[in-house]
Each structure stands twice: as C-alpha cells, then as structure tokens.
Number of protein chains: 2
Amino acid sequence: MSQVLLKERIRLRTPAPIPRELLPLGQILDGDCIEAMRSLPDACVDMVFADPPYNLQLGGDLARPDGSHVDAVTQAWDKFDSFAAYDRFTREWLTEARRVLKPDGSLWVIGSYHNIFRVGAMLQDIGFWILNDIVWRKANPMPNFKGTRFTNAHETLIWASTGEKAKYTFNYRAMKTLNDELQMRSDWVLPICGGPERLRKDGHKVHPTQKPEALLYRVMLATTEKGDVVLDPFFGTGTTGAVAKRLGREWIGCERDGTYREAARERIEMALPLDESALKTMQSKRTAPKVAFGTLIETGWIAPGTVLTDRKGRHTASVRADGSLVSGTQGGSIHGLGAALQGAPSCNGWTFWHLQHEGELKPIDAIRQLYLLATEP
Amino acid sequence: MSQVLLKERIRLRTPAPIPRELLPLGQILDGDCIEAMRSLPDACVDMVFADPPYNLQLGGDLARPDGSHVDAVTQAWDKFDSFAAYDRFTREWLTEARRVLKPDGSLWVIGSYHNIFRVGAMLQDIGFWILNDIVWRKANPMPNFKGTRFTNAHETLIWASTGEKAKYTFNYRAMKTLNDELQMRSDWVLPICGGPERLRKDGHKVHPTQKPEALLYRVMLATTEKGDVVLDPFFGTGTTGAVAKRLGREWIGCERDGTYREAARERIEMALPLDESALKTMQSKRTAPKVAFGTLIETGWIAPGTVLTDRKGRHTASVRADGSLVSGTQGGSIHGLGAALQGAPSCNGWTFWHLQHEGELKPIDAIRQLYLLATEP
DNA sequence: GCCACAAGTGAATCCCGAG
DNA sequence: GCTCGGGATTCACTTGTGG
C-alpha cells in the first residue's frame with residue numbers, strides 16, 4: 001500500500017477493508033448464530049438480514065441460567081422470565097450484528113407482533129437508527145379460523161442504519177422504477193411463499209416460516225450494491241442466499257439445524273445468477289456522471305447570450321461565457337441566481353431556468369439530457 | 001343484591017361495578033394525563049384509546065422540491081430528552097391505563113416507528129397481552145421529498161387485552177360485514193384526516209396530528225359495546241369523543257392544552273354525523289389490487305433478462321432487475337420506453353410489450369392477469 | 001354553474017462531497 | 001469534526017381562482 005493511501009486511512013480512521021478471501025463467502029456456518037458471528041472480523045459485511053425466532057420458547061438458547069423448573073402457579077412470572085430471556089438473546093445477536101456490520105452497512109429484521117416490538121426497542125437501545133419500518137402485507141394470509149381477532153395479514157420489517165449520522169445505501173431510483181414510477185412506500189404487498197417456491201420433502205414443508213424470495217429481492221435491490229456481502233444469522237433454508245446469488249451479492253449464513261443447512265445448500269446450488277445486463281438498474285441523477293452547466297456552453301449546446309426565463313416568465317437572465325448568469329445587476333450560478341431572485345434558501349437551476357427549444361419552453365435540464373444521450377458511450 | 005350474585009362476585013373476585021354517576025363521563029379532564037387518570041377509580045373503563053406523543057426527533061427544516069416549507073410537528077409536547085425519559089413517561093401512563101381498565105377491557109395505542117416499538121415492549125412488560133397489531137395504510141401519505149428512504153406510508157396500532165387469559169370484546173360479525181363479508185384484516189386502508197373533517201382556525205390546522213374519525217369508528221365498532229366507557233388520555237381535539245358520541249359509547253378525555261380542549265368541546269357538541277364520504281371510505285371494499293410491473297419481476301413471473309417485443313416485432317427490449325427496460329442505449333419504464341421508441345407522447349406499456357408465453361406472443365398484461373388470479377385471496 | 005388549472009398540504013427522524 | 005455550495009427531490013387530495 002502506498003504511503004499516501006495509508007496516511008489517508010489513518011486520518012479518516014477507516015480500517016483497511018477485510019480481504020474477501022478471509023471471509024466465509026457462500027458458506028453456511030454451523031451452530032449457534034452468536035458463536036458463529038463471533039468468528040467473523042469487525043466491519044466486514046454490508047448488510048445483515050435477520051429472521052429471528054418469533055416465539056418465546058427458544059429451547060436451549062433461552063433455558064434459565066440455573067435450569068430450574070417453572071411452576072405452573074408462577075406463570076405470570078414465567079412470562080417476565082421469558083421476555084427477559086428473549087431480550088438477552090436479542091441483545092446478544094444484535095450486538096454481534098452491529099459489530100460485523102461496516103459503518104455504512106444496514107440491518108434488516110423481520111418479525112410479528114410477538115417479538116418485533118422487543119427487537120425494535122432493543123436495536124434502538126443498542127444504537128441502531130431506524131430508517132423505516134416496512135409492512136409486508138400478505139396477499140393471501142391464513143384466515144383467523146376462530147373469528148376471535150383480526151386476520152393477522154402482515155409482518156413487520158425494520159430497516160436500520162448503524163447510527164443516526166451513518167450513511168447507508170438506498171437505491172431510490174431502482175425502487176421507483178420497480179413501483180411504476182411512484183416512490184416505493186413502506187407497505188409492500190407480496191404473496192406468501194407457496195407453490196413450487198416452497199421447499200417440501202415427503203409432502204411436508206421443510207421449514208415452517210420460509211420467506212418468499214420476492215421479499216428478499218426487494219430488500220437487497222433497495223439497500224445493497226452488486227458485490228456487497230449479506231449476512232443472514234438465521235439462515236433457515238437459505239432464501240437470503242438464493243436471492244443474493246441471483247442478484248450478484250455475496251452471502252454468509254448461520255444455521256444450526258442440519259436439515260435446513262442441507263436444504264439451503266441444494267437450493268442455492270440450483271439458483272441461477274442473473275447476467276450483467278439484467279442486473280443493471282436505473283441509476284439516480286446523484287450517481288450519474290455530472291455535467292456542469294459550463295460544459296453545455298463550452299460544447300456549444302447553449303450559446304453565450306442566450307436568454308433564460310423561469311417557467312412563468314417572471315424572471316429572466318442572460319448566459320455569460322463562463323456559464324454564469326446575469327439578471328439586471330445581479331449575477332451568479334444557475335442555482336445561486338435562481339435562489340436569489342426567488343428569495344429562496346436554495347434552488348435547482350436545472351429545473352428553474354428554461355429556454356426556447358424547438359418552439360417549446362424547456363428546462364435547461366432537458367438540454368443536459370440531450371447532451372448526455374449524445375455523449376453516452 | 002342477591003346472595004347468589006354476591007357469592008358469584010366473590011368467587012370471581014370481580015369488584016362491584018363503579019356507579020356511572022361517579023365517573024366524569026363526557027368530560028375532558030384538565031391537566032397531565034397521568035395525574036388525571038389517578039383521579040379515576042380502579043377498573044372503571046371498558047377501553048382505553050391512546051395517541052401519545054411519537055417523540056419524532058426531527059432535525060432541521062424540510063423543504064419540498066418546489067421550495068415550499070413543510071409544517072412539521074414542533075410542539076413542546078413531542079419533545080423528550082432521551083429514550084429513557086420517553087420510556088419513563090410511557091410506563092407511567094400505561095400503568096395508570098391498566099389500573100383504570102376493567103379486567104375484560106382492552107387497550108389501543110397508535111404510533112409510528114419512532115415510538116411504537118418502545119410502547120409495545122413496555123406494555124408487554126407491564127402485563128398487557130397483544131391481540132393484534134394493526135397497520136393503518138395511509139391512502140395519501142406525505143411523500144419522501146428527498147428520495148432518501150421509503151415513503152413512510154403507514155402508522156401502527158396495537159390492540160391488547162389486560163392479560164393472556166383475559167376476556168375481551170371483539171365484534172367479529174360487525175367487522176366481517178364492514179369488510180364485504182370477508183374477515184377484517186390487520187391492515188386498514190384509510191385516508192389521512194383532511195378536508196372538512198380537519199379542524200381549522202384562521203386557515204391553520206388546530207392540531208398537528210388529528211386522527212381520522214374513520215379510524216376510531218372501526219376501532220370502537222370492533223372492540224366495544226354500545227354504552228361502554230372509552231377513555232382517551234391524549235384527547236387532543238377529541239376525535240375519540242366525537243366518534244364515541246356518534247356510536248353511543250360513553251367517553252372520558254384527558255387533555256392539558258386549553259386550545260385543544262376548547263376545540264374538542266365545540267366539535268363534540270356539534271356531533272356532526274360522519275359525512276357521506278367518510279362512511280363510504282369506511283365501508284368500501286379493499287382497494288383494487290394494483291400490480292406494478294416490478295412486482296412481476298420480484299415474484300418470478302417475468303425473469304430479468306427476458307426479451308420483450310411489440311406486437312409486430314418492430315421494437316425489442318430486455319427486462320432488468322428493477323423492472324426497467326433497456327433497448328440499445330435507451331432505458332426506461334415499460335411505459336416510458338414504449339413511448340420513446342414510438343416517438344409518442346405516451347404509451348400503455350402493459351398492452352404494447354409482448355413476450356412468448358406457452359408458444360404464443362402475449363401482452364405482458366396477460367401475465368399480470370395470471371398473477372392476480374394466483375394471488376387472489 | 002361548470003370546467004380547467006394552479007396552489008396548498010399532510011406525525012418527516014429527508015443531501016453530500018470537497019476542502 | 002466543520003462549512004460551503006452544487007444540485008437533487010413529491011403523491012394524493014383539497015381548495016381557490018379565472019374564464
């Protein structure tokens with residue numbers, strides 16, 4: 001590593017990235033997820049997707065420390081014990097998840113009303129910063145047979161960054177495209193996992209709570225980049241792995257049940273990765289190559305002296321050779337002058353300023369689009 | 001009282017009911033809700049509906065893309081120093097709510113991801129038993145203006161009994177009728193409170209977070225009987241009181257803000273019948289299922305990489321992972337790219353684009369029909 | 001009166017890289 | 001850490017205005 005780069009890393013307190021070959025990519029770690037995660041280095045994964053047990057009877061993990069028998073009379077206290085035990089378990093795996101996450105990574109957890117409130121409160125306590133709660137609205141839920149409550153027709157996911165100020169990945173444009181050019185909302189309507197997707201053996205479900213691949217597809221497409229590493233501490237039959245493989249993401253799983261591990265391996269083996277061109281998604285302007293207004297002047301797409309107006313013709317300005325605008329005695333960048341004339345704190349000059357083009361009044365952003373199209377490789 | 005009844009009460013440890021004239025029915029108690037609730041006897045109300053502060057923790061100002069200013073919740077009542085302070089507050093009012101609830105009564109709380117996980121965990125800790133979590137899917141939520149997250153399009157309600165073995169009221173039949181003879185689900189689509197229902201004074205909303213009457217209507221119709229007493233510790237402008245009056249329930253409110261109390265009194269006095277549109281909304285069928293093209297990709301009905309053509313095979317395009325299409329150097333949504341390739345101002349991509357399906361060239365709309373058929377409840 | 005169009009608004013944890 | 005400034009970013013619905 002060059003001295004310059006090394007110094008830069010030290011200055012930014014950014015640890016060197018973990019070499020990929022040191023990570024168990026594409027592997028299902030055997031055993032308890034907390035132990036398994038402890039075998040991973042700090043800050044090595046880009047996303048954690050967790051589908052923890054919902055119920056409070058978690059067997060070995062949640063046995064009382066002293067192994068004492070619970071008397072039926074003390075049932076109320078037992079509940080408190082169960083919640084406390086579940087909370088301890090939750091704190092432990094969330095803490096490990098936080099440790100292995102890169103600072104700019106994010107966490108997803110899915111749960112139902114039995115556990116999601118405890119998980120959500122705990123992850124806030126630990127320092128995660130909730131970005132959204134997402135409702136998976138099941139298109140075809142199981143009815144409430146006894147007619148005693150509302151049909152439980154949804155599950156809740158929490159998406160959280162590693163802290164209030166932390167950066168995170170959100171592929172806004174891809175989500176908007178996926179949702180017919182409307183912003184993707186926090187409620188997702190998706191069918192439950194059934195049909196050929198549902199893993200079965202001898203006519204029985206292999207896993208009781210197999211999640212639909214569509215759910216993981218949206219999660220990963222929204223909040224990871226191609227090549228990112230996704231960790232699933234409750235791997236089950238490997239939905240996370242299968243979708244990661246399809247979408248060109250790396251994955252690591254933890255699962256202590258051998259039957260699930262075996263089913264997951266087989267399944268992921270069969271999954272087909274998408275090819276490069278299909279994986280490309282609509283990119284936002286933020287990540288698109290930047291074009292300065294001055295470039296349009298230099299390259300002759302807009303001539304110096306051109307008169308720009310706002311959409312209503314209330315303000316006019318003239319383009320100068322250096323790409324600045326002048327309006328009366330005021331001058332400035334397309335953004336600065338637009339803001340000044342409106343008395344606004346800020347202004348996107350690209351959409352504020354218009355010009356006559358082919359008989360129509362068009363925002364100068366349209367000219368930029370033409371330029372981009374023409375110079376596209 | 002007969003000896004038999006008295007013995008029965010003793011056996012069931014059921015205290016004699018509180019005489020109604022000792023309760024402040026139809027009154028808004030002035031002051032802090034915890035103090036106000038302490039003035040009520042034990043086990044005297046059938047339902048508590050609570051809309052506590054959400055502890056939003058908002059940052060600076062937020063502007064819309066057009067530069068206008070978003071009117072945020074900046075009231076002092078939503079400010080807490082820390083999660084710990086919020087938790088203390090939550091524990092106190094929940095404890096009082098539990099005390100004043102009859103054993104067979106139930107609790108409703110509404111919140112957002114900022115607070116609902118803490119409230120949910122706390123009420124479980126205190127001994128409440130969650131019966132359902134309900135998602136209020138807003139028909140018209142505020143968008144995410146900066147494109148940084150999923151549009152926060154829902155709020156969460158928790159419905160809980162006083163304990164695991166407690167009885168509770170659930171009017172199954174009424175809910176099924178309200179939902180066009182289908183079981184009422186845990187996700188409710190309702191518009192936010194606006195229009196003539198929204199209380200305004202001098203052109204400004206009286207309360208920043210007034211809840212729609214349709215929401216309270218469904219809550220009360222589902223989980224109380226006529227004549228039941230409903231307590232709202234965070235009464236605000238009295239949506240709970242207005243709906244209770246409409247539905248023949250008794251109500252008690254707590255509110256420390258005089259302006260809110262005054263507005264609530266006036267409003268409940270008027271007891272305007274729910275207007276036609278609100279009623280219609282409440283009783284309408286679920287919204288027609290809308291399927292985005294992206295959903296067909298996520299759910300595997302159309303694979304990324306699939307080649308689409310128009311009916312005559314003049315144009316071809318390839319499907320990408322986010323549901324966008326790419327044709328040569330051009331990309332876009334099914335509608336946008338269709339329009340661009342034809343040089344048309346607009347295009348219905350669903351009927352324009354076709355694919356080979358079972359040996360025939362079919363419009364992609366046919367696949368959407370198959371998907372709808374398969375996921376129909 | 002009606003239609004077309006413009007303007008306003010709702011519980012919101014709402015930018016980010018360069019220097 | 002900070003500031004500075006370029007420039008990216010909205011959906012459904014209601015109300016008001018002008019013709």
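The figures that follow rest on heavy atoms only: side chains count, while hydrogens, waters and symmetry mates do not. Letters A, B, ... are given to chains in the order of the sequence lines, protein chains preceding strands, and every chain is numbered from 1. This structure is a prediction, so every number in the text was calculated from the model and none was measured.
- No engagement by Thr151(B) is indicated, since no non-hydrogen atom pair under 4.0 Å with the nucleic acid exists.
- The Arg64(B) side chain lies nearest to dG10(C) when the options are dC14(C), dG10(C), dG7(D).
- When each of Arg286(A) and Pro52(B) is assigned the nucleotide of DNA chain C with its nearest heavy atom, Pro52(B) is the one assigned upstream, toward the 5' end.
- Across all strands, Gly236(B) comes closer than 4.0 Å to no nucleic acid atom at all (heavy-atom distances).
- In terms of polar N and O atoms assigned as donor or acceptor, the side chain of Asn152(B) never comes within less than 3.5 Å of the base of dA12(C) in a complementary pairing.
- As judged by a 4.0 angstrom heavy-atom cut-off over every strand, Thr209(B) is placed among the base-contacting residues.
- An OP1 or OP2 oxygen of dG6(D) is reached within less than 4.0 angstrom by a side-chain nitrogen or oxygen of Ser333(A).
- Counting non-hydrogen atoms under 4.0 angstrom, Asp78(B) reaches a base of the nucleic acid.
- With a 3.5 Å ceiling on both atom-pair distances, dG7(D) lacks any Watson-Crick or G-U wobble partner.
- Taking atom CG on Asn144(B) and atom P on dT13(C), their separation rounds to 7 Å, with Å as the unit.
- Between the CZ atom of Phe150(B) and the C1' atom of dA12(C) there is a distance of 16 Å, given to the nearest Å.
- At the heavy-atom level, Trp136(B) lies nowhere under 4.0 Å from the strands shown.
- Ring centroids of Trp108(A) and Trp159(A) are separated by less than 6.0 Å, placing the two rings close together.
- Across the P atoms, dG1(C) and dG16(D) are found 16 Å apart, a figure rounded to whole Å.
- When Watson-Crick and G-U wobble pairs are counted only if both distances are under 3.5 Å, dC14(C) pairs with no nucleotide at all.
- Around the CG atom of Asp81(B), the shell of radius 6.0 Å holds no more than 12 heavy atoms that belong to other residues, nucleotides or ligands.
- Distance alone, capped at 3.5 Å, places no donor-acceptor pair between the Asp202(B) side chain and the His204(B) backbone.
- Picking from dC14(C), dA11(C), dA8(D) the nucleotide with the shortest atom distance to the side chain of Arg368(A) gives dA8(D).
- Rounded to whole Å, atom C1' of dG5(D) lies 13 Å from atom CD1 of Ile334(A).
- Between the NZ atom of Lys138(B) and the P atom of dC13(D) there is a distance of 14 Å, given to the nearest Å.
- Nearest nucleotide to the Lys290(A) side chain, out of dG7(D), dT9(D), dA12(C): dG7(D).
- Protein atom NZ of Lys211(B) is 13 Å distant from nucleotide atom P of dG10(C), rounded to whole Å.
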TODO: Decide side-chain contact (heavy atoms from CB on, under 4.5 Å) for Phe293(A) and His335(A); before the verdict, give the C-alpha distance in whole Å, the side-chain angles of both, and the deciding distance to 0.1 Å.
DONE: CA-CA 10 Å; Phe293(A) 184 63; His335(A) 314 294; over 6 Å; no

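- Between Phe150(B) and Trp188(A), the ring centre distance stays below 6.0 Å.
- Across all strands, Cys347(A) comes closer than 4.0 Å to base atoms (heavy-atom distances).
- Residue Lys176(A) is classed as a sugar-phosphate contact, given heavy-atom separations below 4.0 Å to backbone atoms only.
- For the P atom pair drawn from dT13(C) and dA8(D), the interatomic distance equals 23 Å after rounding to whole Å.
- Place Asn140(B) and Lys285(A) on DNA chain D by their nearest nucleotides, and Lys285(A) ends up nearer the 5' end.
- Ala63(B) comes within contact range of no nucleotide atom at all, as no heavy-atom separation falls under 4.0 Å.
- Taking the ring axis of Phe235(B) as reference, the NZ or CZ atom of Arg261(B) does not stay both within 45° of it and closer than 6.0 Å to the ring centre.
- OP1 or OP2 of dC14(C) has not a single side-chain nitrogen or oxygen of Tyr168(A) nearer than 4.0 Å.
- For dT13(C), the OP1/OP2 oxygens have a side-chain nitrogen or oxygen of Tyr113(B) closer than 4.0 Å.
- Looking at heavy-atom distances under 4.0 Å, Asp51(B) makes contact with a base.
- The side chain of Arg198(B) places no N or O atom within less than 4.0 Å of a non-bridging phosphate oxygen (OP1 or OP2) of dG8(C).
- Residue Gln183(A) places its side chain closer to dT10(D) than to any other of dC14(C), dT10(D), dG7(D).
- Mapping Asp66(B) and Phe145(B) onto DNA chain C by nearest heavy atom places Asp66(B) closer to the 5' end of the strand.
- Anti is the glycosidic conformation of dT14(D), whose angle departs from 0 by more than 90°.
- With both ends at atom P, the span from dG5(D) to dA12(C) equals 31 Å, rounded to whole Å.
- Across the protein-nucleic acid pair, Arg173(A) atom CZ and dC15(C) atom P stand 19 Å apart, rounded to whole Å.
- Listed nucleotides dT9(D), dA11(C), dT10(D) differ in distance to Pro143(B); the shortest reach to its side chain belongs to dT10(D).
- Taking the six-membered ring wherever Trp is involved, the centroid distance between the rings of Trp77(B) and His207(B) falls below 6.0 Å.
- With both pairing distances under 3.5 Å, dG16(D) is matched to dC5(C) as a Watson-Crick or G-U wobble pair.
- The side chain of Ser68(B) approaches dT9(C) more closely than any other nucleotide in the set dT13(C), dG7(D), dT9(C).
- Distance noted for atom C1' between dC14(C) and dG10(C): 15 Å (whole Å).
- The distance from atom NZ of Lys205(B) to atom C1' of dG10(C) is 6 Å, rounded to the nearest whole Å.
- Between dG6(D) and His335(A), no contact under 4.0 Å exists linking OP1 or OP2 to a side-chain N or O.
- Remark: P of dC11(D) and CG of Asp180(A) are 12 Å apart, rounded to the nearest angstrom.
- At a threshold of 4.0 angstrom between heavy atoms, the contacts of Gly195(B) are confined to the sugar-phosphate backbone, with no base atom among them.
- With rounding to the nearest 0.5 Å, the separation of CG in Leu355(A) from CD1 in Ile367(A) is 5.0 Å.
- Two residues are said to be in side-chain contact when any heavy atoms from C-beta on lie closer than 4.5 Å; Leu370(A) and His357(A) meet this criterion.
- Nucleic acid contact for Arg185(A): none, since no nucleic acid atom lies under 4.0 Å from a heavy atom of the residue.
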